[in-house]
Structures are given as structure tokens and as C-alpha cells.
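Heads up: the structure comes next, in C-alpha cells.
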Amino acid sequence: MTQLATTPGLALLQMINGYQVSQAIAAAAALRLADFVTHAPATAADVAARAGTSPRPTYRLLRALASVGIFDESQDQRFTANDLSQLLRSDTPGSLQGWAAFIGTALHREMWGDLAHSVETGQDAARHLHGASIWDLRAGRPEDNAIFNRAMASLSGPVIPAVLEAYDFNRFDHIVDVGGGNGTLLAGILGANAHPRGTVFDLLHVVSAAEQVLTGAGVRDRCEAVPGSFFEDPVPAGADAYILKNVIHDCSDDDSLTILRNIRGVMRRDGRVLVIERLVSAPGGNPIGTFSDLNMLVATGGQERTTEEWRELLASAGLSLVSVTATSASAFIIEAEAV
């Protein structure tokens with residue numbers, strides 16, 4: 001809502017109705033409407049014909065989104081793309097279309113609807129509502145899992161180049177990406193740094209896709225994919241760098257300590273642990289971290305942390321915080337060494 005609120009009541013009302021904006025964005029993302037709005041003016045009927053939607057409701061959705069700055073609407077009710085709508089296209093570098101579509105899914109909305117229970121009890125909404133972890137739920141729902149994977153890829157797109165720009169990985173000999181998924185992050189690191197070799201470590205059904213990614217990036221000769229669970233199986237030993245990107249924030253303190261201690265037990269004495277996650281800033285700071293923290297609460301029972309909370313957690317695992325490096329994305333690189 002681009003019109004400025006003129007009273008505290010209107011300002012609060014805009015915040016209360018914020019879910020309407022996010023759900024409108026989610027609907028447009030799921031329907032891929034931004035793919036059909038270009039810099040050439042088009043009517044809603046033109047967009048609807050290409051998207052396979054109903055013309056009048058399509059106009060009403062595009063009009064609402066234009067009122068908050070997504071798409072531009074002319075006086076003759078024609079729409080053109082702008083910087084925000086371009087990021088909702090499915091084919092744009094740095095696109096957030098996958099994440100936008102994900103937040104509109106029933107499971108995600110349902111969990112956020114249970115936030116009050118999570119605050120009362122500390123229990124994640126998935127277990128409260130369905131008696132299972134979010135990971136077990138998604139494993140039994142292939143369509144939801146596919147949407148989630150696209151959402152994670154959507155969020156990772158801007159982070160990888162930002163991490164590569166902010167940190168020198170070429171000083172390492174062997175980098176292990178723990179919970180590294182299909183190897184996209186490690187492929188990017190090895191592609192930009194000629195010296196290190198790498199290992200992607202994740203569950204079999206996840207890491208099985210890594211070979212194609214590593215081959216496509218031209219780094220397959222310097223990287224292997226190893227299946228396993230960072231809770232139950234030995235983490236590949238002897239490396240001098242272990243990356244944990246968006247892993248620890250999914251976990252309780254106890255599970256986080258298990259993962260970190262498992263790595264601490266196999267890393268080289270001069271090795272480093274590199275945690276790539278958001279940070280919760282000082283009071284009054286960036287809301288991205290604080291609301292991501294609530295998302296972790298309802299979805300997984302995990303949390304985002306402040307720098308001091310990271311220092312304490314790492315110390316409990318036998319690690320010492322070395323540095324915190326900001327990136328041009330919302331991620332920070334939290335570096336630790338063995339005590």
C-alpha cells in the first residue's frame with residue numbers, strides 16, 4: 001500500500017492487513033502472471049489469455065498489486081513491468097517467484113495460523129497440527145516438497161554470488177558442505193576458486209542430484225557427493241572448512257550442538273566452520289531476521305540467533321567465534337575455529 005498512513009490507526013491497519021498483500025503476491029507467483037507482463041503495455045485480458053485465467057479477476061489482482069508498487073498501471077488500465085514485478089518472473093536471475101508461490105501454500109499458511117500456540121508452548125506448528133516434523137510431512141507430500149525446493153532455490157539465488165563476493169574460499173584445501181543439498185552452493189564456490197576441492201554431504205535422496213549440478217558447473221573432477229545424515233552418520237573427516245548454510249537455524253539447541261560437535265570432532269586442527277545464515281540484529285533493527293526467526297519457530301522449532309547467541313552456542317560445541325561477515329544479501333558468514 002503505497003499511500004502513506006496518516007494516523008497510527010491507519011498505520012496499524014496496514015500492518016494487520018499485510019497478509020492480504022503477501023497472499024496476492026503468492027497468487028500472482030503461482031499463476032506466473034509476471035511472466036506475461038512486459039514493458040509493453042498490456043490489458044488484463046491480454047495477460048489472462050496468456051496465463052489461462054479469468055480476465056476480470058486478473059485485472060482486480062493486477063490492480064491491487066500495482067497499488068503497492070508491483071506492476072505499473074496506466075490510466076487506461078494497461079499494465080507494464082517494473083523492477084519489483086521483474087523479480088516475480090520465473091526466468092529472471094535473482095527471481096523470488098519460487099518463494100512467493102511457497103508462502104501461499106496451505107501448509108505454510110496453516111503453520112503461521114498456529115503461531116499463538118507456538119508462542120504459548122514453544123512447540124512447532126507442524127508437530128502440533130499434524131503430529132510429525134515438517135520434514136516428514138513434506139517427504140509424504142511430493143508436490144509440497146517440490147514447491148519448497150523451488151522456494152529454497154529462489155532464496156539461494158541472490159545469496160551465492162553475495163557469499164562469493166564477501167569471502168575468500170581459495171585459502172582452503174578441502175571444503176565440505178554439510179547439508180549441502182544438490183551441491184549448488186559448493187559448485188559455485190569451486191567454480192570461482194581454483195584451489196580447493198569439495199564434498200557435498202546430505203541425505204541420499206537429496207544429494208543424488210548433486211552429480212548433475214557439479215558436472216554442469218565443470219567441477220565434478222574436484223568434488224564428490226557423499227550420502228549421509230549429519231545426526232546419524234560420520235561427517236566426512238579431515239577437511240579444513242565445513243559449511244553449514246541454513247542448517248542450524250532449522251534445529252533446536254540440542255540438535256544444533258550435536259551437528260556442531262560432530263563437525264568439531266572430525267575437522268582439521270586449523271580448520272574453520274562457516275555458518276551461512278541470517279542474524280537477528282539489535283532492537284529496532286532489520287525485521288527480516290526477526291520474522292525469519294518466527295518462521296523457524298512455527299515450521300521447525302528452530303530459531304535465528306544474535307551474534308552473542310552464536311558465540312555462546314559455538315562455545316558449547318568447542319568452537320570459538322572468529323568473525324561475522326556481512327554480505328550484500330540477507331545472509332552473514334559466521335566463522336568459527338576449534339578451541
Side-chain angles (χ1 to χ4, degrees), residues 99 124 126 133-136 138-139 145 148-149 151-156 159-160 162-163 167 169 175-189 198-207 209-210 213 225-236 239 241-267 271-280 289 292-293 295-307 309-314 316-319 321 324-325 327 329-336:
W99 177 255
D124 63 271
S133 73
I134 188 61
W135 312 113
D136 289 338
R138 289 195 184 113
N145 195 52
F148 173 74
N149 288 339
M152 293 301 98
S154 181
L155 290 184
S156 292
V159 171
I160 293 175
V163 167
Y167 193 87
F169 292 92
I175 302 170
V176 178
D177 191 354
V178 180
N182 67 1
T184 299
L185 172 61
L186 193 52
I189 291 173
T199 301
V200 183
F201 180 70
D202 210 323
L203 298 173
L204 177 60
H205 74 277
V206 178
V207 82
V213 172
V226 176
S229 164
F230 42 61
F231 290 120
E232 301 171 359
D233 300 309
V235 177
Y242 288 84
I243 295 175
L244 291 159
K245 177 181 176 292
N246 292 346
V247 171
I248 300 297
H249 73 172
D250 285 333
C251 303
S252 66
D253 283 346
D254 287 345
D255 284 346
S256 298
L257 285 173
T258 296
I259 297 168
L260 291 169
R261 286 168 178 162
N262 286 346
I263 294 172
R264 169 66 178 82
V266 300
M267 64 191 288
R272 293 289 190 270
V273 176
L274 304 173
V275 178
I276 302 173
E277 290 193 3
R278 292 189 173 103
L279 280 181
V280 176
S292 180
D293 177 58
N295 193 52
M296 293 301 104
L297 172 63
V298 298
T300 69
Q303 66 178 92
E304 306 290 3
R305 293 174 170 84
T306 64
T307 299
E309 287 171 333
W310 272 111
R311 191 186 308 278
E312 294 172 1
L313 181 69
L314 291 166
S316 297
L319 298 163
L321 181 65
V324 175
T325 302
T327 73
S330 59
F332 291 78
I333 304 168
I334 302 157
E335 180 176 348

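One is the number of the first residue; the rest follow in order along the sequence.
Taking CD1 from Ile248 and CE from Met296, the interatomic distance works out to 12.5 Å, rounded to the nearest 0.5 Å. In this structure, CG on Leu260 lies 9.5 Å from OG on Ser316, to the nearest 0.5 angstrom. Separating the CD1 atom in Ile175 from the CZ atom in Arg272 is a distance of 13.5 Å, to the nearest 0.5 Å. Distance check, rounded to the nearest 0.5 Å: CD1 of Ile243 to CZ of Phe201 gives 15.0 Å. Once rounded to the nearest 0.5 Å, the distance linking CG of Asn262 with CD of Glu232 reads 11.0 Å.
Side-chain contact between Leu321 and Ile334 is present, with at least one heavy-atom pair separated by less than 4.5 Å. Residues Val247 and Ile259 form a side-chain contact, since some pair of their non-hydrogen atoms from C-beta on lies under 4.5 Å apart. No side-chain heavy atom of Asp124 sits less than 4.5 Å from a side-chain heavy atom of Thr300. Residues Val324 and Leu279 are in side-chain contact: their nearest non-hydrogen atoms beyond the backbone lie under 4.5 Å apart. No side-chain heavy atom of Leu185 sits less than 4.5 Å from a side-chain heavy atom of Val159. Considering only heavy atoms from C-beta on, Val226 stays 4.5 Å or farther from Val176 through its side chain.
When every heavy atom of Leu257 is checked against every heavy atom of Leu313, the shortest pair comes out as CD2-O, 3.5 Å. Of all heavy-atom pairs spanning Val266 and Val235, the tightest one is CG2-O, 3.9 Å. Nearest heavy atoms, Ala336 versus Leu319: CB-CB, 4.2 Å. Heavy-atom minimum distance, Glu304 versus Glu277: OE1-OE1, 3.9 Å. Closest heavy-atom contact between Arg305 and Ser256: NH2-OG, 3.7 Å. The two residues Ala126 and Ser133 make their nearest non-hydrogen contact at CB-C, 4.2 Å.
Side chains of Thr184 and Asn182: a donor on one and an acceptor on the other come within 3.5 Å.
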Next on the checklist: Using side-chain contact (heavy atoms from CB on, under 4.5 Å), reason through Ile263 and Phe230 one step at a time and then give a plain yes or no.
Outcome noted: CA-CA 9 Å; Ile263 294 172; Phe230 42 61; over 6 Å; no
Checklist entry - Do Thr325 and Glu335 pass the side-chain contact (heavy atoms from CB on, under 4.5 Å) test, and can you show the C-alpha distance, the side-chain angles, and the key distance before you say yes or no? => result CA-CA 8 Å; Thr325 302; Glu335 180 176 348; 5.6 Å; no
Item to check | Candidate pair Asn246 and Met152, rule side-chain contact (heavy atoms from CB on, under 4.5 Å), full reasoning | outcome: CA-CA 10 Å; Asn246 292 346; Met152 293 301 98; 5.8 Å; no
Checklist entry - Would Trp135 and Asp250 satisfy side-chain contact (heavy atoms from CB on, under 4.5 Å), going step by step from the backbone distance to the final call? => result CA-CA 10 Å; Trp135 312 113; Asp250 285 333; 3.5 Å; yes
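Of the possible donor and acceptor atoms, none in the side chain of Tyr167 sits under 3.5 Å from a partner among the backbone N and O of Thr327. Arg278 places no side-chain N or O within 3.5 Å of a backbone atom of Asp293 that could act as its donor or acceptor partner.
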